[in-house]
Amino acid sequence: MRDLAHSADALSRDLLDWYDVHARAMPWRVAPADRAQGVIPDPYRIWLSEVMLQQTTVAAVKDYFERFTRRWPTVTDLAAAQDADVMGEWAGLGYYARARNLLKCARVISTERDGRFPDSYEELIGLPGIGPYTAAAVAAIAFDRPETVLDGNVERVMARLHDEHAPLPGVKPILKAHAAALTPQHRPGDYAQAVMDLGATICTPKSPACGICPWRAPCRARTEGTAADLPRKTPKKPKPTRHGIVYIARSECGDWLLERRPDKGLLGGMLGWPGTDWEAAPSEAAPFDADWTPAPAEVRHTFTHFHLILQIRTATLPAGFVTEANQELLRRHDFRPSDLPTVMRKAYDLVRDTLC
DNA sequence: TAAGCGTGGGG
DNA sequence: TCCCCAAGCTT
């Protein structure tokens, strides 16, 4: 790989100068001015925010972060929480394995490390839910270690800065090397956040604002006019459409019949309505015999790798109904629709007025 | 290693 | 409407 015309020191300095002025305020972030005054970030809040931010936008995370930290102010508080409460608070944020691993990790930190987070990449990586990105991010942001973060933003910024045309994910090691070469020993925590802010606000996927970029001078893709086309990616597979049926039942006194989904797989560990598997063609699988009423509308929902069309049936639960091991009968005041993953809440929203 | 794993917003 | 994408991890 060729070196840039500008030194790594000059680049990191220019970016930190830009960050000092343009750093976005976030609930978990210590502003650069406060950091300069000696304010230290709370590793628990940095870790929690980074896990929430995996494949998730800042806008989507903010409210969840506020609710989590209000309810569980420390990692020890979180470790002591009920599984169902944590899954319920995570509902709607997606990628639910994150919530299960979050709780596992909190319990390891709480019981095996006296509630204190490790401060190095090597000790962080491999904790439940902490991979290469999150380990580097926590080490850099919470502990100001000179680790290199490589997320989608940094990949894009590096691909453009060096005009790398080879497609992701194959080119990732090259981009990581480019990023590592720029990581400074001075203020590495602020620098890590600065590169990501740059990618999120200036070096955006479409129509990047090259004219106001602190790296406009050294950027090769800007010179070549290729910025908007980078990084290249290998084409994605088309999403198939699957079908299913959910069965929403209430007892005479208003209790709701729900199921706790198995930990592994789609929506693992989350609450949901009893229903069929989701496959190419639906087949009935009612949780009990009844005169099930088809709902007039159906749920359309898209997951990471397939589209789903979900029919809904409703019925009244027979008196004396006995729940299976994975089922729960939730009293009207104990049932919070916000505890449901979005696809299940959509089904609820379509029938709630006819059942309440 | 490539596939599985959510959701909401923007162009 | 549809596709892309977002501070990735696990198996």
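All values reported here derive from a predicted model rather than from experimental measurement. Note on naming: letters A, B, ... go to the chains in the order of the sequence lines (proteins, then strands), and numbering restarts at 1 for each one. What's counted below: heavy atoms across the whole structure, side chains too, no hydrogens, waters or symmetry copies.
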Atom CG of A:Leu150 to atom P of C:dG8: distance rounded to whole Å? 10 Å

Considering only B:dG10, C:dG8, B:dG6, which nucleotide approaches the side chain of A:Arg98 most closely? B:dG6

Spacing of A:Tyr121 atom OH relative to C:dG8 atom C1', expressed in whole Å: 12 Å

Are A:Thr226 and A:Asp229 close enough that a side-chain donor and a side-chain acceptor fall under 3.5 Å? no

Take atom CZ of A:Arg232 and atom P of C:dC5, then tell me their distance rounded to the nearest Å. 13 Å

Check the phosphate of C:dC3 against A:Lys236, side-chain N and O only, distance under 4.0 Å to OP1 or OP2. Yes or no? no

What is the nucleic acid contact for A:Arg100, judged by heavy atoms within less than 4.0 Å: base, sugar-phosphate only, or nothing? nothing

In whole angstrom, give the distance that lies between atom CD of A:Gln54 and atom C1' of B:dT7. 15 Å

Heavy-atom nearest nucleotide on DNA chain B for A:Leu93 versus A:Ala59: which residue maps closer to 5'? A:Leu93

Heavy atoms only: give me the nearest A:Thr183-A:Tyr191 pair and the separation to one decimal. CA-CE2, 3.9 Å

Describe the nucleic acid contact of A:Thr342 in one word from base, sugar-phosphate, nothing, applying a heavy-atom distance below 4.0 Å. sugar-phosphate

Ranking C:dC5, B:dT7, C:dC9 by distance to the side chain of A:Leu267, first place goes to B:dT7

Base, sugar-phosphate, or nothing: which does A:Ser207 touch, judged by heavy atoms less than 4.0 Å apart? nothing

Between A:Gln193 and A:Lys264, whichever has its closest DNA chain C nucleotide further toward 5' is A:Gln193

What one should report as the nearest heavy-atom pair of A:Arg220 and A:His162 is CB-C, 4.1 Å

Without decimals, in angstroms, what is the distance between A:Met26 CE and C:dA6 P? 14 Å

Taking 4.0 Å as the cut-off, does a side-chain nitrogen or oxygen of A:Tyr95 come that near to OP1 or OP2 on C:dA6? no

If the cut-off is 4.0 Å, is A:His305 near the phosphate of B:dC5, judged by side-chain N/O to OP1 or OP2? yes

Counting the atoms with a prime plus P, OP1 and OP2 as sugar-phosphate, which does A:Arg300 contact under 4.0 Å by heavy atoms, base, sugar-phosphate, or nothing? nothing

Does A:Met270 reach a base, just sugar-phosphate, or nothing at all? Heavy atoms under 4.0 Å. nothing

Distance check: side-chain N/O of A:Thr134 vs OP1/OP2 of C:dC9, anything under 4.0 Å? yes

Please report, rounded to the nearest Å, how far the P atom of C:dT10 is from the CG atom of A:Leu127. 10 Å

Within a strict 4.5 Å, meaning less than it, do heavy atoms of the A:Val108 and A:Leu127 side chains meet? yes

Does OP1 or OP2 of C:dG8 have a side-chain N or O of A:Gln55 closer than 4.0 Å? yes

How many whole angstroms separate atom CZ of A:Arg261 from atom C1' of B:dG6? 12 Å

Under 3.5 Å, is there a donor-acceptor pair linking the side chains of A:Glu284 and A:Thr276? no

Could you report the tightest heavy-atom contact between A:Ala139 and A:Glu147, atom names first, then the distance? CB-CG, 3.8 Å

Give the ring-plane orientation class for A:Tyr247 versus A:Trp292, where under 30° counts as parallel, over 60° as perpendicular and anything between as tilted. perpendicular

Give one of base, sugar-phosphate or nothing for A:Gly199, where a contact means two heavy atoms less than 4.0 Å apart. nothing

Rounded P spacing from C:dT11 to B:dG6 in Å: 14 Å

Verify the contact: side-chain N or O of A:His301 to OP1 or OP2 of B:dT7, cut-off strictly under 4.0 Å; return yes or no. yes

Within this structure, what is the CG-to-P distance between A:Leu124 and C:dG8, rounded to whole angstrom? 17 Å

When A:Pro169 and A:Phe303 are each assigned the nearest nucleotide of DNA chain B, the 5'-most assignment goes to A:Pro169

Can a donor-acceptor pair under 3.5 Å be found between the side-chain atoms of A:Tyr133 and the base atoms of C:dG8? no

